[in-house]
Amino acid sequence: PPGAGRRRKRSRTRVRALKQPLRGPPGGDHNYSLRGRPTDTPRTVASLLRMLVKKRQLPEEIVSLLRAQFSDLPFELHSWRQMAEYSPEMRQFACILHLYHIKAYDYLRKIFPLPHPCSLTNWLSNNEAAAGFSNDIFLRLQEKVERGDQAYCYCAVMVQDMSLQKQQEWDPQTRRLTGFVDLGAGILDADEAPLASEAIILMAVGISSPWTAPLGYFFVNSMTGRLLAQLFHQTISKLNNIGITVLAVTSGASACGAETARALGIRMDPERIRCTFHHPPGSAHSITYFFDVCHALQLIRNALQCFQKVEWLSDTMWWQHVVELAALGEQRVLEPCSPSSGRSGSKESYHLKVNFATLLFSEGVADALEHLQKLGLASFQNCSGTVKFVRLMSSLCDVFCGRGPYGKGLKVPLLAGNYTKISNLFNEAKSFFVTLTDSVGRYIIKSKRKLGFLSLLLNAESLKWLYSNYMCPEGTPSHHLQTYAFSLDPLELFLRALQQACGTSGSPTCTVFQAAYHKLLASCSLSPGSPHGSGSGNVSSLDVSLSHSRDLTLGSIRAQYNPARGRALATEYPFCAGLLLHSSALSNALTDLSLHAWSVTCAASFVAEQLAWDLQCEACLASLFDSDESRLRCRSVLYVKKLGRVSLPSASVHCIASISERVLKRYGNKNTKLWHSSLEQKVFQELLGERPLFPTLTNHLFEGELSINNHYTVLLKKITRCYLNMR
């Protein structure tokens with residue numbers, strides 16, 4: 001038709017114009033949204049807050065905070081035109097409103113030319129160790145990316161909080177009051193402003209290489225899911241700006257963690273799980289969400305304790321079986337002698353001893369329950385359902401806690417070669433969890449104790465999504481995923497070092513926290529596998545993982561049900577009288593019960609019993625005693641030999657005790673700290689010429705970092721120090 005060509009041309013022009021971003025005022029680097037601006041624009045903070053409350057855009061607690069800090073902030077429209085001319089107070093207001101309530105911020109952007117949320121990141125950043133994002137860490141990460149180091153191109157981000165002591169202090173250097181809320185844009189130090197009660201710490205972790213980077217911290221008076229969600233978005237934006245792609249985020253499996261997941265758009269309905277969220281919101285880039293596995297397991301343990309039994313199909317898991325195992329006293333059993341002993345046909349006496357460092361959801365507990373059932377102990381009959389449940393949970397733990405390339409079974413990183421096996425395990429776990437019921441037939445996945453089970457299902461979906469999108473397609477960033485990177489263990493490692501640097505067993509003040517954080521930041525190398533990679537000192541990630549899981553051991557369950565049963569060490573051991581003489585081999589000690597050999601054996605036994613109460617590692621604890629491993633493969637129940645009331649130590653413990661005694665006799669005891677250190681070194685020098693100790697720990701060395709402070713050397717130090725301290 002006539003004029004149709006001109007109309008189509010004008011139409012295409014309008015389409016192109018709509019695709020272009022709205023232009024902000026001169027000098028602005030952000031989009032404004034001022035269309036539909038009300039005519040009654042508020043001119044004061046008080047009138048602005050009244051308007052937001054009236055429109056139900058802002059909760060009362062945030063209103064109180066903003067009213068206290070920004071009562072004299074001007075709100076004339078022209079004051080907010082040039083972002084470069086914003087006062088510190090205006091920047092503070094924009095950051096606080098955005099982080100605490102994104103909907104109110106978006107609504108206010110229709111009235112005032114506030115910056116785009118992505119523009120706020122720089123205002124939340126600082127140098128040195130001040131609250132907010134650490135510019136120094138981001139600069140060093142950017143340098144590694146620009147040098148082409150592929151290990152730093154992809155990461156996971158995790159968040160954890162640390163309680164603070166509420167205390168207002170005067171800083172003579174800055175001449176300002178401290179102890180208040182500080183999100184990086186400045187301290188909110190009004191008279192009616194709340195004191196900070198928590199520090200939120202964020203960390204980036206490599207997914208295919210074990211590097212860690214503490215990204216910053218924020219002082220808050222209450223941690224909410226909405227706040228953490230916005231901090232995640234700001235962190236992801238800042239990492240994207242320096243060329244690092246975030247593939248996953250991790251939080252604790254808690255009420256706040258669940259609220260954070262929902263605020264990001266995660267759905268935890270077992271039939272319709274959505275394990276990813278978009279960043280920026282509305283974009284195509286997806287990021288997976290994980291809950292900390294240890295937190296999830298603690299919630300599942302709580303559920304089992306509350307329900308006492310859970311049922312599925314034709315099986316039942318009884319919590320009482322676990323309680324009976326943890327409370328099991330030493331049981332004397334007679335076993336046929338092995339043919340190699342030369343006493344075929346006779347029987348040998350052993351004592352069953354529970355290894356209290358064994359984790360609840362482990363293969364060791366499953367094997368122990370089966371073994372005790374075969375022995376005919378009444379408390380462990382009909383425990384096949386409990387064994388099935390524990391074995392499934394153990395397999396899931398192995399997958400989610402893969403620590404490095406030297407692991408075995410499911411503890412290795414996620415690879416193309418083991419994905420099918422892991423995927424089948426996840427499918428089995430899902431069908432298992434959704435059918436679990438309590439004693440009256442109610443589904444646990446729909447009960448108030450569901451979060452632990454839902455957390456593991458969400459983690460499984462997230463891991464499968466990462467495999468499908470970042471390992472299968474060609475040109476993807478990684479051929480393997482370290483599932484350890486999706487737990488909070490790396491951040492727990494940093495927080496432990498931070499607590500030590502604070503120099504207090506309780507909660508630090510804001511001032512003490514900042515000084516400790518500054519100290520750790522100075523030693524942070526960001527190098528993969530470095531013991532100082534995150535300022536964490538010489539503590540291994542394996543030790544932190546074990547400490548993190550301490551509430552999930554048989555020892556912790558025993559303490560819950562038998563709080564009065566403390567350390568019951570025999571008091572009649574003759575070493576107390578100082579009767580230890582020169583050493584002899586363990587074989588002689590078992591046949592020649594002279595005072596000399598008996599004293600050494602008793603002393604070594606005392607050391608083993610003493611350390612057994614403190615060691616958190618199942619393998620190391622099992623190596624302390626002279627146990628017949630051929631009787632039972634697992635280390636959760638030990639077959640210990642005894643002479644009278646003395647549990648015989650292992651040959652390695654006896655050897656260390658003997659050499660320690662020989663060194664002590666040769667060089668004397670001056671009872672000073674320096675002299676003790678000298679004696680320890682002399683013991684280690686003599687041990688160098690001995691046969692290899694602790695042969696059962698050879699494979700165990702590969703479960704943690706391959707460093708000088710592995711469990712083998714740590715165990716040597718503990719035994720030597722315990723012996724010398726006792727003498």
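Here the structure is a predicted model, which is why all the values come from computation and not from measurement. These values consider heavy atoms only, across backbone and side chains, with no hydrogens, waters or symmetry-generated copies.
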State, with a plain yes or no, whether a side-chain heavy atom of [X] is found less than 4.5 Å away from one of [Y].
{"X": "Met317", "Y": "Val310", "answer": "yes"}
{"X": "Ile200", "Y": "Leu227", "answer": "yes"}
{"X": "Phe93", "Y": "Leu48", "answer": "yes"}
{"X": "Phe232", "Y": "Leu202", "answer": "yes"}
{"X": "His279", "Y": "Ser286", "answer": "no"}
{"X": "Thr235", "Y": "Gln230", "answer": "no"}
{"X": "Ile444", "Y": "Phe453", "answer": "yes"}
{"X": "Cys524", "Y": "Pro214", "answer": "yes"}

I'd like to know if [X] and [Y] make a salt bridge, using a cut-off of under 4.0 Å between side-chain N and carboxylate O.
{"X": "Asp269", "Y": "Arg272", "answer": "yes"}
{"X": "Glu311", "Y": "Lys309", "answer": "yes"}
{"X": "Lys464", "Y": "Glu461", "answer": "yes"}

Answer with yes or no whether the side chains of Ser251 and His295 bring together a donor and an acceptor at under 3.5 Å.
no
Taking atom types as modelled, find out whether Thr121 and Gln234 have a side-chain donor-acceptor pair closer than 3.5 angstrom.
yes
Above 12 or not: heavy atoms from other molecules or residues under 6.0 Å from CZ of Arg442?
no
Within a reach of under 6.0 Å around CZ of Arg226, are more than 12 heavy atoms found that belong to other residues, nucleotides or ligands?
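Not buried by this count: 12 neighbours or fewer within 6.0 Å.
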Would you please test Phe307 and Trp319 for ring pair (Phe, Tyr, Trp, His ring centres under 6.0 Å) and show each step?
CA-CA 8 Å; Phe307 292 123; Trp319 175 250; over 10 Å; no
Rounded to the nearest 0.5 Å, how far apart are [atom1] of [X] and [atom2] of [Y]?
{"X": "Glu271", "Y": "Leu457", "atom1": "CD", "atom2": "CG", "result": "10.0 Å"}
{"X": "Glu492", "Y": "Cys294", "atom1": "CD", "atom2": "SG", "result": "8.0 Å"}
{"X": "Leu463", "Y": "Tyr419", "atom1": "CG", "atom2": "OH", "result": "8.0 Å"}
{"X": "Lys450", "Y": "Ser455", "atom1": "NZ", "atom2": "OG", "result": "11.0 Å"}
{"X": "Leu139", "Y": "Ile242", "atom1": "CG", "atom2": "CD1", "result": "8.5 Å"}
{"X": "Leu454", "Y": "Ile266", "atom1": "CG", "atom2": "CD1", "result": "13.0 Å"}

What heavy-atom pair brings [X] and [Y] nearest, and what distance separates the two atoms?
{"X": "Gln514", "Y": "Ala129", "result": "O-CB, 4.1 Å"}
{"X": "Leu498", "Y": "Met162", "result": "CD2-SD, 3.8 Å"}
{"X": "Val145", "Y": "Gly243", "result": "CG1-O, 3.9 Å"}
{"X": "Leu297", "Y": "Cys397", "result": "CD1-SG, 3.3 Å"}
{"X": "Ala429", "Y": "Leu396", "result": "CB-CD1, 3.9 Å"}
{"X": "Thr260", "Y": "Gly225", "result": "OG1-CA, 3.3 Å"}

Under the 3.5 angstrom rule, does the side chain of [X] hit a backbone N or O of [Y] as a donor-acceptor pair?
{"X": "Ser362", "Y": "Thr358", "answer": "no"}
{"X": "Asp292", "Y": "Leu488", "answer": "yes"}
{"X": "Ser487", "Y": "Thr483", "answer": "no"}
{"X": "Arg301", "Y": "Asp551", "answer": "yes"}
{"X": "Asn126", "Y": "Ala131", "answer": "yes"}
{"X": "Thr509", "Y": "Gln165", "answer": "no"}
{"X": "Thr288", "Y": "Leu247", "answer": "yes"}
{"X": "Gln308", "Y": "Ser439", "answer": "no"}
{"X": "Ser209", "Y": "Gly206", "answer": "no"}
{"X": "Ser394", "Y": "Glu363", "answer": "yes"}

Could you check whether [Y] and [X] have their ring centres less than 6.0 Å apart?
{"X": "Phe400", "Y": "Tyr484", "result": "no"}
{"X": "Tyr289", "Y": "Phe291", "result": "yes"}
{"X": "Phe219", "Y": "Tyr217", "result": "yes"}
{"X": "Trp312", "Y": "Phe432", "result": "yes"}

Apply side-chain hydrogen bond (donor to acceptor under 3.5 Å, both in side chains) to the pair Lys238 and Ser125, showing each step before the final yes or no.
CA-CA 10 Å; Lys238 195 166 179 66; Ser125 305; 3.0 Å; yes
Between Ile244, Val246, Leu491, which is the residue that forms a side chain to side chain contact (heavy atoms under 4.5 Å, CB included) with Val157?
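Passing option: Val246.
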Could you walk me through whether Leu215 and Ile137 pass side-chain contact (heavy atoms from CB on, under 4.5 Å), step by step?
CA-CA 6 Å; Leu215 302 177; Ile137 292 294; 4.2 Å; yes
Can you label the angle between the Tyr470 ring and the Trp465 ring as parallel, tilted or perpendicular, going by 30° and 60°?
tilted
Criterion side-chain hydrogen bond (donor to acceptor under 3.5 Å, both in side chains) on His285 and His278, from CA distance to verdict:
CA-CA 6 Å; His285 179 63; His278 297 290; over 6 Å; no
Output, in order, the C-alpha distance, side-chain angles, deciding distance and verdict of side-chain contact (heavy atoms from CB on, under 4.5 Å) for Arg449 and Leu299.
CA-CA 7 Å; Arg449 303 291 177 192; Leu299 293 176; over 6 Å; no
